[in-house]
Amino acid sequence: MSRAGVYIHIPFCRARCSYCDFATGAYEGALAESYVVALTREIEAFDIIRERAEVDTIYFGGGTPSLLTRAQAARILDSVRRRFQVATGAEVTMEMNPGTVTPEGLRAFRAAGINRASFGAQTFDDAELRRLGRTHTADDTRRTLSMLREAGFDNISFDLIAGLPEQTLEAWELNLNEALALRPEHLSLYLLEVHEGTPLAEQIKQGRYNSPDADIAAEMYRLMTERTQSAGYEQYEISNFCLPGRESRHNMKYWTGVPYFGFGCSAHSFDGAAQRWSNERDTRAYVGLIEEKGNAVSTRDALDASDQSAEALFLGLRLLTRGVNLAEHRAHFRRDVLTDYADDLARFNEAGLITLDGDVLRLTPAGALLSNEVFAAFV
Ligand code: SF4
């Protein structure tokens, strides 16, 4: 088995952002403690894969994992080390939100073994931050970055969102310029998706904000690919950019069919072959299930050969520079993509969304922007 990844979901935030549809709720100390107890129990009792698999990435996602105490993070990591064989030099990432960390807290996380920080800057414009319901300012983001550097973090990623309600191309350009000037090792740059049922969707419906304009969003995407490239970042995935060698090793597992095991409410797992499963989404129900029976798995999917081929194809196409080698794909999955999807591929080729270079199928920049439409053909 290839070295696996471990994902730990921490479902607590200081406040809920208006665009968020993740499984997360407000932080409560007592619930957070019983959640950590449940998490460590789930990790140590994990028996879906029986062997003590080797793991070389651990990812604390959320939610806002930086709301954990140092002791809670250390207990979770101890459980991972007891259940899995954690490789020397493993990448251990924690998602953080500006304004939720202190210099002492960051040094303590670093000492506990966390060596990569991914934090949600989202925008450097305070009015845009308020509109999103974020609880921090742009200055908090700048301060968090210097605190991280001072605490010894040399592998840092920022998230920024483009296409915010009312955001102009010029405002996005300023955000991008500031992010690039701060020179994080990695950037995740997303176009805003407005999810039904979120407060933001409601505010747009009520006419309080204009919905992001698709043409401006496309121009923002073009600007981000151009600027990041001239600043020395490689766009290795549709929304992810990095300095040489600084890809997110954990997220690469999601796109390349490597096993990953998720723990905590709503966490997803994949055995690297044909099994996917996920946990109960609600935090309290998750804790109850772990207390009652030691696991909280709520869905299981067995992928047949055609599902496996389709997944490898649309996940692999996300990796823009690497693409999908169709000869290797055929050897592995015994499926001929050029025959299976002949009509769709002809259509995408004609629209300039894909290229075939020898055996390697890739999305073009236009295809990256319209990737959801391309991937819909494969699922
Ligand atoms: S901080 Fe992140 S996870 Fe928490 S509510 Fe905001 S967007 Fe959602």
Side-chain angles (χ1 to χ4, degrees), residues 7-29 31-32 35-36 39 59-68 72-73 93-102 105-106 109 114 116-141 143-145 148 156-165 167 175 179 184 186-204 209 212 239-240 248 250-251 254 262-268 278-284 286:
Y7 174 81
I8 312 281
H9 189 71
I10 305 297
F12 306 111
C13 289
R14 278 218 309 217
R16 194 149 173 99
C17 306
S18 66
Y19 57 96
C20 181
D21 75 337
F22 296 139
T24 181
Y27 180 83
E28 290 171 46
L31 179 59
Y35 184 79
V36 170
L39 251 181
Y59 193 101
F60 287 84
T64 306
S66 48
L67 292 173
L68 291 174
Q72 288 171 331
T93 304
M94 180 181 268
E95 288 182 355
M96 304 184 174
N97 271 316
T100 62
V101 289
T102 60
L106 288 177
F109 284 142
I114 289 151
R116 182 171 182 273
S118 170
F119 73 101
Q122 315 310 9
T123 160
F124 289 95
D125 179 317
D126 284 341
E128 288 176 352
L129 285 169
R130 278 194 298 276
R131 224 171 274 148
L132 293 177
R134 304 282 299 175
T135 56
H136 61 91
T137 62
D139 269 343
D140 288 328
T141 301
R143 262 193 301 275
T144 302
L145 179 69
L148 281 163
I156 297 178
S157 177
F158 288 180
D159 285 4
L160 285 187
I161 308 178
L164 298 175
Q167 189 177 50
N175 276 334
H186 187 280
L187 279 163
S188 296
L189 305 174
Y190 300 100
L191 285 176
L192 179 72
E193 285 182 41
V194 180
H195 298 282
E196 264 314 302
T198 57
L200 181 63
E202 197 47 38
Q203 289 157 0
I204 291 174
Y209 302 127
S239 305
N240 287 287
S248 160
H250 182 81
N251 287 345
Y254 299 144
F263 299 99
C265 60
S266 83
H268 285 65
S278 68
N279 276 352
E280 161 63 42
R281 188 176 159 98
D282 180 79
T283 306
R284 287 176 202 277
Y286 162 83

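Any value given below was found using the heavy atoms of this structure, including those in side chains, with hydrogens, waters and symmetry copies removed. Note that ligands are numbered from 1 as they come in the structure, with each ligand's atoms numbered from 1 the same way.
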Does a side-chain heavy-atom distance below 4.5 Å link Tyr35 with Cys265? yes

Will you find, in the side chains of Thr137 and Asp126, an N or O donor that is under 3.5 Å from an N or O acceptor? no

Relative to the heavy atoms of Tyr19, which atoms of ligand 1 are at a distance of less than 4.0 Å? 7 (S)

Protein residue, atom and distance nearest to atom 2 (Fe) of ligand 1, heavy-atom basis: Arg134 NH1, 4.0 Å

Hey, can you tell me if Tyr27 and Phe12 have their rings parallel, tilted or perpendicular (30° and 60° cut-offs)? perpendicular

Counting only heavy atoms not in Tyr254 (residues, nucleotides, ligands), do more than 12 fall under 6.0 Å from its OH? yes

Between Thr64 and Thr100, a side-chain donor and acceptor under 3.5 Å: no

Have a look around atom 4 (Fe) of ligand 1 and list protein N/O/S atoms under 2.8 Å, or say none. Cys13 SG

Side chains of Tyr19 and Arg131: donor-acceptor distance under 3.5 Å anywhere? no

Per side-chain hydrogen bond (donor to acceptor under 3.5 Å, both in side chains), Arg143 is matched among Asp139, Asp140, Thr141 by Asp140

